[in-house]
Structures are given as C-alpha cells and as structure tokens.
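Written below as structure tokens is the structure these notes are about.
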Amino acid sequence: MNTFYSGYPFSGRKNTGNKYHNQKTKIGDMVFDSKKEANRFQELKLLERGGVISDLKTQVRFLICPKEGGNKRARYYVADFVYTEGDKAIIEDVKSEITRKNAVYSLKKALVQWQYPEYIFRES
C-alpha cells in the first residue's frame, strides 16, 4: 500500500481561501476582491458625487499583449478603477504590500505604464 499519496485534497492541508487572504465584499450588486477595494470604491463614489473626479469605472481591461505572433491569446491588465480627475486620466489599483512586490504584477504594471502614457497610475 502506498502511504505517500493520501488522495486529493491532500490530507493535513486546510483550505485557506485565496492566496492573499482577502475577503470578497459586496456593495449593492457589485462584488469586490477585498474590503480595502470596496472601501476605496465608496471613497471614490463620494469624490465623484462631490465633483472632484468623474467617469468612475471599475474593472477596466487594458490590452498589454495582443493575440499575434506566437501568442495564443491576448493578455490584459485589469485595473480596479479608472476615472478622470480634472484633465488627467487615472488608473488606480488597490494593492497590498505583498502584491506590490509580486513580479507578475510589477511587470503588468510596467507594461500598462509604457503602453498607456496618457494615464497616471496610482496605487492605494
């Protein structure tokens, strides 16, 4: 009898949810990946109502690698929020310190900043 394999899921492993331990949070019909992101959305909605920002959008996709050449599919960066502040277009992402250090996130962020210089990139 093989004692190495004990079935799936592996025994002794507990379900820890998502990798950053965020809690999905619902506001009205919208579901956010974390409480921090939901709170920031509420702050931005207040700023929009007050006329400080306009055109607030959530989960906006930015093409960072088209489907051509050897790429089997297009790759996108999904921004948490996009809005206008005065005459400036803003991309804003709510990220933890751990995520900010993630190599894949860092690369995608750099690609967005390079391909979309008309946007100011903010992290909160």
Side-chain angles (χ1 to χ4, degrees):
M1 179 178 197
N2 185 350
T3 58
F4 177 73
Y5 179 74
S6 59
Y8 185 84
F10 301 108
S11 64
R13 279 187 83 180
K14 59 183 179 180
N15 183 3
T16 58
N18 67 44
K19 63 183 172 182
Y20 297 115
H21 306 287
N22 296 333
Q23 286 186 329
K24 296 266 186 193
T25 303
K26 188 173 182 180
I27 297 175
D29 293 339
M30 300 180 75
V31 178
F32 296 91
D33 288 336
S34 68
K35 288 180 184 179
K36 185 177 177 182
E37 185 179 333
N39 289 338
R40 183 59 181 154
F41 173 73
Q42 290 179 313
E43 292 170 359
L44 290 171
K45 285 302 282 182
L46 287 174
L47 291 172
E48 187 177 43
R49 276 190 226 128
V52 177
I53 68 169
S54 60
D55 303 319
L56 177 62
K57 297 176 184 76
T58 60
Q59 302 300 304
V60 178
R61 290 172 25 142
F62 289 87
L63 180 67
I64 56 173
C65 185
K67 181 184 175 181
E68 59 184 42
N71 297 324
K72 295 182 186 213
R73 64 183 176 100
R75 305 301 197 293
Y76 296 89
Y77 178 86
V78 181
D80 292 333
F81 307 108
V82 174
Y83 54 90
T84 303
E85 185 177 62
D87 62 346
K88 299 176 189 131
I90 311 292
I91 294 172
E92 183 172 329
D93 261 341
V94 178
K95 299 295 180 214
S96 68
E97 288 301 317
I98 293 170
T99 305
R100 289 178 194 186
K101 294 174 185 175
N102 179 290
V104 173
Y105 168 71
S106 182
L107 176 60
K108 286 182 175 183
K109 175 184 160 187
L111 287 169
V112 168
Q113 290 174 313
W114 176 66
Q115 286 186 290
Y116 300 93
E118 66 273 19
Y119 286 89
I120 295 171
F121 196 96
R122 292 184 183 161
E123 293 174 320
S124 57

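In this model, no donor atom of one side chain and acceptor atom of the other lie less than 3.5 Å apart for Ser54 and Glu48.
To the nearest 0.5 angstrom, Ser34 atom OG is 7.5 Å from Asp80 atom CG. Distance check: Asp33 CG to Lys24 NZ gives 4.0 Å after rounding to the nearest 0.5 Å. A distance of 10.5 Å separates CD1 in Ile64 from OH in Tyr76, rounded to the nearest 0.5 Å. With rounding to the nearest 0.5 angstrom, the CD atom of Glu43 is 10.5 Å from the CD1 atom of Ile53. Once rounded to the nearest 0.5 Å, the distance linking OG1 of Thr84 with CG of Leu56 reads 9.5 Å. Expressed to the nearest 0.5 Å, how far OH of Tyr83 lies from NZ of Lys45 amounts to 13.5 Å.
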Original post:
Could you walk me through whether Lys88 and Glu118 pass the salt bridge (Lys or Arg N to Asp or Glu O under 4.0 Å) check?
Top reply: CA-CA 8 Å; Lys88 299 176 189 131; Glu118 66 273 19; over 6 Å; no
**OP:** For the pair Lys67 and Lys72, evaluate side chain to side chain contact (heavy atoms under 4.5 Å, CB included) and give the outcome as yes or no after the intermediate values.
**Re:** CA-CA 6 Å; Lys67 181 184 175 181; Lys72 295 182 186 213; 6.0 Å; no
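The existence of a salt bridge linking Arg40 and Glu37 is excluded, since no basic side-chain nitrogen approaches an acidic carboxylate oxygen closer than 4.0 Å.
Taking each heavy atom of Arg75 and Leu63 in turn, the nearest pair found is O-CD1, 3.6 Å. Taking all atoms of both residues into account, the shortest heavy-atom contact from Thr99 to Tyr105 is O-CD2, 3.4 Å. Contact detail for Leu44 and Glu92: the closest heavy-atom pair is CD2-OE1, 4.2 Å.
In terms of hydrophobic clustering, with Ile, Leu, Val, Met, Phe, Trp and Tyr side chains grouped at heavy-atom distances under 4.5 Å, Val82 and Phe32 are assigned to different clusters. Residues Ile90 and Phe41 share a hydrophobic cluster, clusters being chains of Ile/Leu/Val/Met/Phe/Trp/Tyr side chains in contact below 4.5 Å. Under the 4.5 Å side-chain heavy-atom criterion for grouping Ile, Leu, Val, Met, Phe, Trp and Tyr, Val60 is not connected to Met30 through any hydrophobic cluster. Linking ILVMFWY residues whenever their side-chain heavy atoms come closer than 4.5 Å, directly or via other members, places Leu107 and Ile91 in the same cluster.
Sorted by first then second residue, the ring pair (Phe, Tyr, Trp, His ring centres under 6.0 Å) pairs that include residues 47-73, not counting sequence neighbours, are Phe62-Tyr116, Phe62-Tyr119.
The number of heavy atoms from other shown groups lying within 6.0 Å of NZ (Lys95) is above 12.
Side-chain contact check for Val112 versus Lys109: every heavy-atom pair is 4.5 Å or farther apart.
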